Amino acid sequence: MQKIWRLIRFSGVIVGVALLAVTAAYAANLVFEAEHYTWIKPCMEKVADSKAAEGYCVQIPLRRPHGVEEMAPGDDGNVTFKIYVPEAGCYRLWARVHWYDGCGNSFFVFVDDMDTAHAVQLTDSTYQKWHWVRTRGHEYTLTKGYHLIRFQNREDGAKLDQFLLTTAPERWKPTRAYRETSQYLWHAED
Amino acid sequence: MRQPDRNWPKLYMRYVILPRRLLLTAVVLTLAGMPALPQEQPSVSLPPGLILLEEALEGPYVLTGTLSAAPPAQAELEIVFNLDEQTGDHYLLSIKGTTAQFYKVSAGTLQPLGLSGKINWPAQGANFSLRREQWRLSFICDTQMVVRAYDSDLHGPRVGYAARRCQVSDCFIQHLGEMYMSDDFMRPAGEESNWEPISGTWAQQSLRTDPLAEKMRAELSANAFSYLGKSDQGRAMAVSGYWFWEGYICQAAMQAVAGGAMGLVGYYQDPENYLAVRWTSRLSEGADANKLQLIEVHMGREKLLAQAPGGFLPEQWYQVRLGLSAGLACVYIDDQLRLAARTDHFGQGRFGLLAEGKRGGFFDDVLVRPWQVLSEKFVQSVPGKWKVLWGEWSLGEDGTARVRSAAKAAAITGNEDWADYKYGADITAKSGGLGLIFGWTSSDDYYLFRWADPDAPVEYRGQAQIVGVTAGRSKVLDVEPLTRSVSGKERAKVTIQQGLITGWLGDQAQVQVIERGLPGGSIGLYAEHAASASFDNLHAEELLPPPTAHLVKEFTNIEEHREMAEWASRRGLWVTPPDPDKPEAQWQTKGDYFGDKVVELSIPQIGSVTGTMSITVDANPGQEQSGYTLTIAVQKDSNILQVGLLAGEHSLAEATWTADSDTCTVRFSHQGQIVMAVIDDKMIFKERVP
């Protein structure tokens, strides 16, 4: 009889495990809110925006007159994030941005390497709409551990709401605001 | 002979206590270790061997991956999606052999959704996509639309699949969001862009080599940035967007340099699978000259879906638009619908530009945005697509939906999230009350455009009305006497745009009301004491936001670059009047605007200055006293606005408006036969004009 009880209990456990079997068919996304930066340098500033996730974003404020003369950025205002990458891998970087117009539609992006000669330009031609843009042609091989990500002034009128690093399949694209993975964001008071 | 056992305690233990213990043990095991069962055992269980994906569903999405089966006759695939593990409710796509069918499992019962379809199993791995949008379900395999269904009730967060004698791999969930992309090509050559050239040569142009560019006649030109595509052989294509885009409209301005062809690409999968709008020159001499074509390229084979005569003139700019929704493709040239056709291939895909010829063509002002269409010809009954609210309905042999009951009858379909749309149907009736339902979210919350002939036994006989039902309470929002007879066949239509609801019979606007915050929801058909009324050719289409001109006159310092002044500054779309510094100078737009017009603006800082502003529509070029004009006069230190409406020089109406704050929004429109002025969503004037 005791053997029977043991058999029943064992079977119950096996059935339970089988019904709960899932596959992790999705790769890690690290999502960060721009206004939760680690460091900020003017002229980059945090502002409220009702259409940004959580109601805030960062921006290079519009300079008047805007777009009349093409010149280098007035300063190197930026937001920098110290993030923890939990798993080494090859990551693509996407940013949720809002461009003012053709003269206010870009940031410089730095990943670990802060040499301006290696800055990557983040840009496209969709204006006056929050949307996701990727640093085209760039994938970042990140080790497990801390890394620095910086978005820097290139043109006035550019806004940043969120950015994410992903190892999802190439076919996967971000299409909406996502929940932040704040546990991977470092702050000085941590 | 064995004597019966009379040891009653022993018997009691064996036949009473022990079974109870067994039962008790089973219950304990269930509670302690086994998964909890729902209180009532469902009659439909989940497929055996179901593998659930870790990621939770949220909103519309595509489940995609790679699928293969060899041989296909025995293959079985079941995809469970929007599963609520508490209730067991879910949708099911069941594929057995070559037959695919959607089902809904709700409260333990299984009901089919939509019609079944046939699948051609790929022997090699091919992409599949299961799409769940607002109320549309579809399954695409290897560029073929396999099966569609319609339902919006279930929203559980889990998805999974069970595969037998077939292989599924690389599954992931692509959540869907807003589709939008624009490009005015204002960037230096060589700068990165969203475009992926597939064939031919494509290059950014910062100056066009055309006669107008040399003449520097800025009032006839827009900016000089464009995208040039050309091909020595075959088709030049450049694509953008994402593989999962569906329900969109893409448009571009294009100008051919010489002959050849130009157009747009939609539902792009790869160089051998896409839809193309191909437009040829009026002046060419080839067999396909002077034609507008909608072509399907599937597995490298071309098929002409639709064609119309009429080609382009070289060196002339046109706007070409391709709308794709649920397999319906519509082609517009300069806002005129020219072609429409259906396809059962692709179901989703990227968009792009197309050019043929050595000299190719210029492209500019590309725009892509969401666009949904609901089209119904009542050819056959599709389970789940329509819901009968009241009365009895049937499908007529002539392909119509017929009312069979004498009293109230209504049926609804769709559940779109759109804000601005138009929706119409052909209605044939001898008498009675008829109507179109829209914004339906429940039986207690919906809107109704209804009308009835003068003899109808309904309270609104001889009238057209827009009725709003909120929390079960009905309110007539607008009412007008009918302006035409309604017996026989009539095309009825409702348009909802930026809060303005208009009910039309034929091409005559009957009623109009402003109603902000109108929900999306379902649309439907309505009849009251109109037995034998029939409905056909239902078509609902999301309306594109009307093209907007720049909103303010803002001038920049153009001393150093005068040639850029007319288009680089905000003044680019306005003709400079003879004396621009005169206070009453009228600035007219460079372009002509046909059809319905709406002008919206804000008046800030009311009370800070004294002055008068005027907005004119339908003006003749150069004639200031023409068209319809709305005048608004304000006084310093006052929140009272004096508002007037003129037709040419003649006053139509006057009113006074008291602003609640120091800013107000003004909306001035001429739509159909109605000129309307609205301030802060309050109607000031509504005049019927010729």
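Values below: all heavy atoms of this structure, side chains included; hydrogens, waters and symmetry mates excluded. Sequence lines set the chain letters: A, B, ... in the order given, protein chains first and strands last, and positions in each chain run from 1. Since the model is a prediction, treat every value here as computed from it, not as a measurement.
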Does the side chain of H131(A) reach to within under 4.5 Å of the side chain of E178(B), using non-hydrogen atoms?
no

So for atom CD, which belongs to E58(B), do other residues, nucleotides or ligands contribute more than 12 heavy atoms lying within a distance under 6.0 Å?
no

Holding to salt bridge (charged side-chain N to carboxylate O under 4.0 Å, His left out), I want the full list of residues that pass it with K144(A), two or more places apart in sequence or in another chain.
none

With distance as the sole test, does S125(A) use its side chain to make a donor-acceptor pair with the main-chain N or O of S182(B) at under 3.5 Å?
no

Which heavy atom of Y127(A) sits nearest a heavy atom of Y180(B), and at what distance?
O-CE2, 4.5 Å

Under 4.5 Å from a heavy atom of chain B, the part of R171(A) involved:
both

Between T64(B), L46(B), L176(B), the one whose heavy-atom pairs under 4.5 Å with chain A are most numerous:
L176(B)

Separation between CD1 (I173(B)) and CH2 (W172(A)), nearest 0.5 Å, reads 12.0 Å

So which part of P48(B) gets closer than 4.5 Å to some heavy atom of chain A, the side chain, the backbone, both or neither?
neither

Checking the side chain of T175(A) only, and the main-chain atoms of H175(B) only, is there a donor and an acceptor separated by less than 3.5 Å?
yes

Would you compute the distance between atom CH2 of W195(B) and atom CG of D124(A) and round it to the nearest 0.5 angstrom?
12.0 Å

Side chain, backbone, both or neither of F244(B) within contact of chain A (heavy atoms, under 4.5 Å):
side chain

From OG1 (T126(A)) to CG (D183(B)), nearest 0.5 Å:
7.0 Å

Go through the steps to decide whether E196(B) and R136(A) satisfy the test salt bridge (Lys or Arg N to Asp or Glu O under 4.0 Å), and finish with yes or no.
CA-CA 11 Å; E196(B) 179 187 341; R136(A) 261 186 302 276; over 6 Å; no

Check whether K129(A) gets within reach of chain B through its side chain, its backbone, both or neither, counting any heavy atom under 4.5 Å.
side chain

Mark yes when over 12 heavy atoms from residues, nucleotides or ligands other than Y56(A) sit less than 6.0 Å from its OH; otherwise mark no.
no

